[in-house]
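Read the structure below first, then the notes.
Just the heavy atoms: all of them, side chains too, but no hydrogens, waters or symmetry mates, feed the values below. Please read all numbers here as calculations on a predicted model, not as lab measurements.
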Amino acid sequence: MTYDEHTKVHPVTTGDSLPEVRPEITSTSQMMSGAEILLRSLEAEGVKIMFGHPGGAVIKVYDEMHRINPEFQHILVRHEQGGTHAAEGYAKATGKVGTVLVTSGPGATNTVTGIADAYMDSVPIVVFTGQVPTGLIGNDAFQECDAVGITRSITKHSYLVRDIKDLARTVKEAYHIARTGRPGPVLVDLPKDVLLAEAPFQYPETVNMRGYAVPEAVRPEKLQRAARMIAESKRPLLYVGGGAVSSDASDSLTELARYTGIPVTTTLHGLGAFPEEDPLSLRMLGMHGTWWANQAVQHCDLIIAVGARFDDRVTGKLDSWAPHAKVIHIEIDQSCISKNVFADCAILGNVKTVLERLLPLLDPKDTTEWLEQIDVWRQECPLQYQKDDKLRAQGVIEKLRDKTGGDAVVITDVGQHQMWSAQYFRFLYSRTHITSGGLGTMGFGMPAAMGAAFGMREIGSSRPVVCISGDGGFVMNAQEMSVAAAHKLPIKLAVINNRFLGMVRQWQELFHMERYSHTDLSDTNPDFVKLAEAHHCVGLRANTPEEAKQIIDEAWEVTDRPVLMEFSVAKEEMVFPMVPAGAATGEMITDRMTPNSFV
Amino acid sequence: MTDTLILTPQQIIRKKAAGEPIQPDDSEMIQSHTIVVLVENSIGAFIRVINMFSARGFNIDSVTVGVTEDPTVSRMNIVTTGNSRIISQVLRQLSRLVDTIEVIDLTDTDYVERELCLLKVCYNRDSRSEILDVNEIFRGKVVDITSKTMTFELRGPSKKIEAFIDMMASHKIVEVARSGRVAMQRDS
Ligand SMILES: Cc1ncc(C[n+]2csc(CCOP(=O)(O)OP(=O)(O)O)c2C)c(N)n1
Ligand SMILES: [Mg+2]
């Protein structure tokens with residue numbers, strides 16, 4: 001056993017790259033309130049947008065915002081959870097850090113789900129929470145909660161700022177930590193008296209954290225070892241996760257795969273990192289991955305894991321996963337290495353940098369035989385659904401794909417529709433698929449789509465933003481529709497209405513003898529068209545494939561506000577293929593006729 | 001050893017299931033580890049370390065914390081158990097925390113360890129001399145005495161402390177207070 005990948009490097013100083021536009025004020029000897037220091041720090045950090053909700057503990061910040069009119073936009077969300085997901089959507093679409101500002105107590109607790117979501121999916125966001133004055137902390141004061149304590153195990157790091165002197169430095173560090181290494185959420189708790197106090201403002205140029213080091217140098221002997229393993233393998237497979245997207249390694253990955261001829265399968269978060277229309281793409285692997293991708297895993301002799309963490313939704317039963325494979329693991333987070341699957345060769349570092357350094361050491365491989373074998377599996381069990389005159393979720397997703405040609409940012413919620421989106425959309429570009437994977441948060445989609453749409457607007461991209469939700473999850477954060485409407489965001493909101501908590505229904509059908517306990521939503525679903533209209537959006541409904549096509553065309557005509565398209569689909573539809581939870585990857589249920597022993 | 005001989009955990013489990021022979025593999029061996037963690041000197045940093053152990057289901061057998069020669073740095077001495085895979089996870093997870101400055105697993109190095117123990121035991125005329133004999137052998141100190149109880153102070157490696165407590169167990173132990181292990185690498 002070697003601990004050679006385990007590094008805690010001695011004191012490091014990391015100079016951060018400066019934001020593109022430096023505002024006039026980064027330092028002044030004038031006295032400023034803590035609240036203004038916060039806003040000036042965000043300006044200096046290059047923040048362009050913040051999602052927030054006011055309250056007593058942060059009222060001073062809102063007051064200063066009103067007075068100084070900072071260089072960034074504040075978006076008033078209607079629920080703090082929506083704010084956190086919006087910040088995540090913004091961060092994932094743009095690669096920048098998302099920013100959230102909320103008040104103490106309930107404001108802080110409402111962000112918990114979003115923070116946990118960002119932690120699981122490595123999304124860089126900074127959440128500023130108000131706090132009761134330092135003198136009252138611990139007294140069960142009005143709207144007090146221990147925000148740092150509550151979020152300790154779901155943040156990459158957190159701060160309680162007790163002294164105004166530390167405020168600007170803390171903001172600087174928070175953004176640095178959120179953005180670098182394996183990205184993640186950082187929480188900064190701001191007691192009211194610190195926001196009210198006064199001090200001169202100086203925004204630090206660099207951060208100096210002796211305990212925080214981002215692995216930079218890639219060890220050449222590891223690269224050579226990996227190159228040797230790749231050269232020796234006969235049936236290699238690239239297994240690509242979210243790390244390839246967050247490090248913007250898509251181009252390097254594509255080049256490496258095409259040059260060597262190694263096929264690529266991606267996780268849910270890896271979708272888009274490699275064009276799914278490339279013949280080398282095996283599409284998604286894992287629980288609802290393709291038959292051929294999972295067969296390739298079970299038969300390959302080398303897995304090259306790229307920014308992926310061997311999650312249980314990918315591996316299923318660990319002891320029978322990839323039985324013949326040696327493993328090369330390219331990863332920025334040392335704690336992911338050999339956590340679930342032992343890495344024969346672990347390369348610690350930024351995924352993009354590692355791939356760039358690895359490529360020159362590689363030669364084209366003759367993988368024809370291996371690819372032919374994979375093609376046999378591809379024919380054996382293609383992705384398919386019944387095509388008749390009924391409207392089906394998979395068909396809706398294919399229609400959305402046809403409309404956009406794949407050039408869209410697709411945000412999904414959690415459930416069956418999420419898996420069908422992953423299976424049928426055929427993603428082509430990095431950062432065009434945004435979803436809640438690790439935490440699987442219903443209600444993520446709508447606000448995340450809003451955040452992504454703000455991000456697209458900011459970077460001047462005309463890529464349409466399409467949100468695919470289920471009828472269950474959509475209502476969990478539907479309130480943010482009116483915010484998107486107020487800002488004239490032309491988001492396309494597709495609600496796949498099967499009048500069921502579909503994914504739970506599927507498990508009930510397969511593993512609980514069709515006992516549909518509390519998953520039928522027909523009595524409690526709102527009228528989605530009216531819901532959209534009540535939130536100043538356009539609402540459209542389709543019951544047939546023809547109507548679906550029509551309303552999609554209609555929706556794309558609307559450019560000044562969100563459009564909700566309700567697609568009324570069959571409730572019985574199932575997501576296949578499927579590896580039941582805890583089963584071996586080789587044991588896939590491919591349709592209703594597959595005998596399954598997991599009941 | 002060539003590459004092909006290294007078994008992955010999956011392979012080990014599979015071979016076992018099939019009843020095939022496997023080479024002894026150290027990854028299955030559970031062992032006690034002494035880990036030194038240097039952290040920022042703040043309660044928050046300390047809690048994050050402890051929290052990580054509980055959130056990820058790792059054991060803590062003992063933990064001590066105190067400031068070091070540098071007043072901004074605290075030193076935690078953590079004793080934990082696990083097989084080498086778990087310990088490597090512990091080390092990686094510790095290193096990953098923003099507030100940890102250095103993480104050192106002393107287990108396979110040459111190091112000194114000490115623990116302090118206070119032990120209060122009941123005595124009577126019959127047991128008094130035997131109790132004092134045991135103390136003598138372990139070179140403990142009597143730090144308090146009443147008509148019914150004696151309190152001893154004992155310093156040394158954890159093993160010695162454990163042996164002392166074992167020996168005293170045949171008498172009526174009223175209270176035991178152990179400091180937890182502190183450890184330091186020897187200079188070679
Ligand atoms: C907040 C939350 N609660 C519960 C769940 C468990 N869950 C996972 S999928 C699902 C059903 C989702 O239903 P719907 O939004 O209608 O999507 P569908 O599966 O029907 O496409 C549920 C309840 C969850 N993921 N998140
Ligand atoms: Mg549904």
Notebook entry, point to check: Got a second to check how far B/Ile50's CD1 is from A/Arg152's CZ, nearest 0.5 Å?
Noted result: 11.0 Å
Next item on the list: Please indicate whether B/Arg155 has more than 12 foreign heavy atoms, meaning atoms of other residues, nucleotides or ligands, lying under 6.0 Å from its CZ.
Entry: no
Check: Between CG of B/Leu94 and OG of A/Ser335, what distance do you get to the nearest 0.5 Å?
Finding: 11.0 Å
Check: Once you round to the nearest 0.5 Å, how far does CG of B/Asp99 lie from NE2 of A/His157?
Finding: 4.0 Å
Notebook entry, point to check: What distance separates B/Glu40 CD from A/Tyr212 OH, expressed to the nearest 0.5 Å?
Noted result: 14.5 Å
Check: Checking A/Thr315 against chain B: side chain, backbone, both or neither under 4.5 Å from a heavy atom?
Finding: neither
Next item on the list: Could you tell me whether A/Glu221 atom CD has more than 12 heavy atoms of other residues or ligands within 6.0 Å of it?
Entry: yes
Margin query: Within the supplied structure, the quantity of interest is the number of heavy atoms (other residues, nucleotides, ligands) at a distance under 6.0 Å from B/Lys160 NZ; does it exceed 12?
Written below: yes
Note to self: Just verifying a value: how many Å separate B/Ser88 OG and A/Phe342 CZ, rounded to the nearest 0.5 Å?
What the structure shows: 8.5 Å
Next item on the list: With rounding to the nearest 0.5 Å, note down the distance linking CG in A/Asn340 to CD in B/Gln89.
Entry: 8.0 Å
Item checked: Pair A/Lys339-B/Arg92, side-chain contact (heavy atoms from CB on, under 4.5 Å): steps then yes or no -> CA-CA 10 Å; A/Lys339 183 171 68 178; B/Arg92 291 176 202 279; over 6 Å; no
Item checked: Residue B/Ile47 versus chain A: region with a heavy atom under 4.5 Å -> both
Item checked: A/Lys156 and B/Arg96: CA distance, side-chain angles, deciding distance, side-chain contact (heavy atoms from CB on, under 4.5 Å) verdict -> CA-CA 9 Å; A/Lys156 186 172 173 189; B/Arg96 178 176 184 243; over 6 Å; no
Next item on the list: Classify the side-chain pair A/Arg210/B/Thr100 by whether it contains a donor and acceptor separated by less than 3.5 Å.
Entry: no
Next item on the list: Indicate whether any N or O donor in one side chain lies under 3.5 Å from an N or O acceptor in the other, for B/Arg56 and A/Ser153.
Entry: no
